[in-house]
Amino acid sequence: MNPTPSYEFDSVEHTISRLAEVGYLADRRLATTVYLLTRLVKPVLLEGPAGVGKTELAHALADSTGRRVVRLQCYEGQDESRALYEWDYGKQMLYTQMLREKIGDIVESSTGIAEAVEQIGSHDDVFFSERFLSSRPLLEAIRSEAPVVLLVDEIDRADEALEAVLLEVLAEGQISIPEIGTFVARHAPYVVLTSNNTRDLSAALKRRCLHLFLDYPDADRELQIIQSKGTGLGDAVAEHLVQVVRGLRELDLRKPPSISEAIDWARTLAVLGISELGTAELDETLSVVLKYDKDLARAREQLAALVQGEIPEPASVPAQVDAATEHAPADREGRTVRSAKDHPGRHGPGTYGERSQPAVDGQPARPRVSTGQGERSFTSKFRRRG
């Protein structure tokens, strides 16, 4: 691999200013990580709650360095063929048809079956060459003629097997294809991995990356971010809105409002011509930032306090959540708390997976699955694998 010289950023301060030019306001800690990414040509893993600017950083890095983004969006059940490469079987079949027509010419000079087989076998590599290779994001980034930013988005949603596939790319900047050989990056990509902390990532993956936890910014920086997006909202209202958003995040909601949602809220209020925030204005537009009924109900209980800038009362947490988090107080955005919030029956009988079945050994009963549902699930899974 021939690393591309990092001429884009001269210093941490230069990194801050270049990112600001493309609309991304980075603090010194984040800018230092980005600067090291470009100088060391080492992947960076960004972890933190959704909507704090992890994915946006990859796009800002690309804009500020003149690179394009190659994005691998991760999801559950994703296999390596969707991340690395696939063989173009249709084209291979077409070439097979052509070979059948030329088979006589190939074996015409052979004196026996063994020699004919040998002559046909000498053409095996024709069907496993680059002309039949369909590049997916990882291979595309490695083979790119120009430098790119490789964004591996929401790696925590993918299975652990995909992490193993990524290791060679992250550590060596290359991809090995058994039928062909090893592709080494022509230009070392800037690699940005993001995670919303829905599961723990492997130590092997983290060891190969620079690491940074991105949390919600402080009030001043969040106000600067909203103002920099040209929402059209007045400065006084925007400052008040930031206080309200930060108050909502203290309510222990299932989905706290993200920075991007706060920006959307500011744009919404500007479109409506709101010049002063009040309880009515908040109530009418609250669904812009809160997407669950329970969160909306909880927030509406505290609207008056939020408008006055008072600290909301802490939410009453179910016993199951307390038990799940008593040994992990720092895991507020981790899978422990979210898993505890999603336990069956937390909204009472007859809701969210609870079918009013009796508990077994003190644990909520699992929802019943009909024979038809099970058959459809099995059949669809079998077909996908087939």
Side-chain angles (χ1 to χ4, degrees), residues 19 22-27 29-30 33 44-61 71 73-75 151-157 192-199 212-233 237-271 277 282-283 285-300 302-303 306 312 315 330-339 341-342:
L19 291 176
V22 296
Y24 193 95
L25 301 184
D27 59 20
R29 184 172 63 100
L30 176 56
T33 303
V44 61
L45 171 62
L46 303 175
E47 294 191 280
V52 295
K54 302 187 296 297
T55 301
E56 186 63 25
L57 176 62
H59 291 282
L61 177 59
R71 180 172 182 167
Q73 180 63 52
C74 300
Y75 55 88
L151 169 61
V152 183
D153 209 12
E154 297 183 324
I155 180 62
D156 55 320
R157 293 186 179 275
V192 178
L193 301 94
T194 73
S195 167
N196 293 335
N197 263 3
T198 57
R199 70 171 177 86
L212 184 66
F213 185 88
L214 279 186
D215 208 342
Y216 300 111
D218 59 34
D220 291 339
R221 182 163 296 278
E222 188 159 14
L223 178 59
Q224 292 174 5
I225 292 172
I226 291 176
Q227 292 172 331
S228 70
K229 297 302 180 180
T231 61
L233 195 65
V237 184
E239 184 175 359
H240 194 179
L241 180 65
V242 168
Q243 295 176 359
V244 171
V245 169
R246 296 179 68 82
L248 287 172
R249 292 178 187 147
E250 296 297 323
L251 295 180
D252 194 29
L253 305 174
R254 179 179 176 187
K255 171 64 178 68
S258 66
I259 299 175
S260 59
E261 289 166 331
I263 294 171
D264 290 340
W265 204 3
R267 291 195 175 110
T268 300
L269 295 172
V271 169
L277 282 186
L282 288 175
D283 184 74
T285 58
L286 200 56
S287 59
V288 173
V289 293
L290 300 181
K291 310 302 170 62
Y292 294 96
D293 289 342
K294 294 293 182 180
D295 288 352
L296 285 167
R298 170 64 179 160
R300 288 189 172 111
Q302 300 289 336
L303 278 182
L306 291 171
D331 192 29
R332 190 178 188 279
E333 295 298 338
R335 61 177 182 176
T336 305
V337 171
R338 281 189 288 275
S339 176
K341 287 181 179 179
D342 287 342

Within-4.5 Å side-chain heavy-atom neighbours: [X] and [Y]:
X	Y	result
Ser228	Leu25	yes
Ile225	Tyr24	no
Asp283	Leu303	yes
Trp265	Leu233	no
Val242	Ile226	yes
Val152	Val192	no
Pro256	Leu248	no

- Task: Show your working on side-chain contact (heavy atoms from CB on, under 4.5 Å) between Arg246 and Glu222 and close with a plain yes or no.
- Result: CA-CA 10 Å; Arg246 296 179 68 82; Glu222 188 159 14; 3.8 Å; yes
- side-chain contact (heavy atoms from CB on, under 4.5 Å) evaluation trace for Val244 with Leu282: CA-CA 9 Å; Val244 171; Leu282 288 175; 3.9 Å; yes
- Task: May I ask you to decide if Gly48's main-chain N or O and Asn197's side chain share a donor-acceptor pair within less than 3.5 Å?
- Result: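 Between the backbone of Gly48 and the side chain of Asn197 there is no qualifying donor-acceptor contact (under 3.5 Å).
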What pairs with [X] under side-chain hydrogen bond (donor to acceptor under 3.5 Å, both in side chains), at least two apart in sequence or on another chain?
X	value
Asp153	Thr55, Arg71, Thr194
Arg157	Glu154
Gln243	none

[X] versus [Y], closest heavy-atom pair with distance:
X	Y	result
Leu151	Ala58	CD1-CB, 3.8 Å
Leu290	Ala299	CD1-CB, 3.4 Å
Val22	Ala60	CG2-O, 3.7 Å
Leu214	Val52	O-CG2, 3.6 Å

- Message: To the closest 0.5 Å, what do you measure between CG (Leu45) and CD1 (Ile155)?
- Response: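 The distance works out to 9.0 Å.
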- Task: With rounding to the nearest 0.5 Å, note down the distance linking CG in Leu223 to CD in Gln227.
- Result: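 The CG atom of Leu223 sits 4.0 Å away from the CD atom of Gln227.
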- Item | Glu47 bridged to Lys54 by N-O distance under 4.0 Å |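 Here Glu47 does not pair with Lys54 in a salt bridge, since their nearest N and O are not under 4.0 Å apart.
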- Task: Answer yes or no: is there an ion pair linking Asp295 with Lys255, defined by an N-O contact shorter than 4.0 Å?
- Result: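 Between Lys255 and Asp295 there is no salt bridge, as every charged N stays at least 4.0 Å from the carboxylate O atoms.
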- Message: Determine whether Leu277 and Leu269 satisfy the following criterion, side-chain contact (heavy atoms from CB on, under 4.5 Å), listing intermediate values before the conclusion.
- Response: CA-CA 9 Å; Leu277 282 186; Leu269 295 172; 3.7 Å; yes
[X]: partners by side-chain contact (heavy atoms from CB on, under 4.5 Å), with sequence neighbours left out:
X	value
Arg29	Asp27, Leu212
Ser260	Ser258
Asp264	Arg267, Val288

- Item | Tyr216 six-ring face occupied by Arg249 cation (under 6.0 Å, within 45°) |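 That pair qualifies as a cation-pi contact.
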- Hey, which of Leu286, Leu253, Val289 is the one that makes side chain to side chain contact (heavy atoms under 4.5 Å, CB included) with Leu296?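 Passing option: Leu286.
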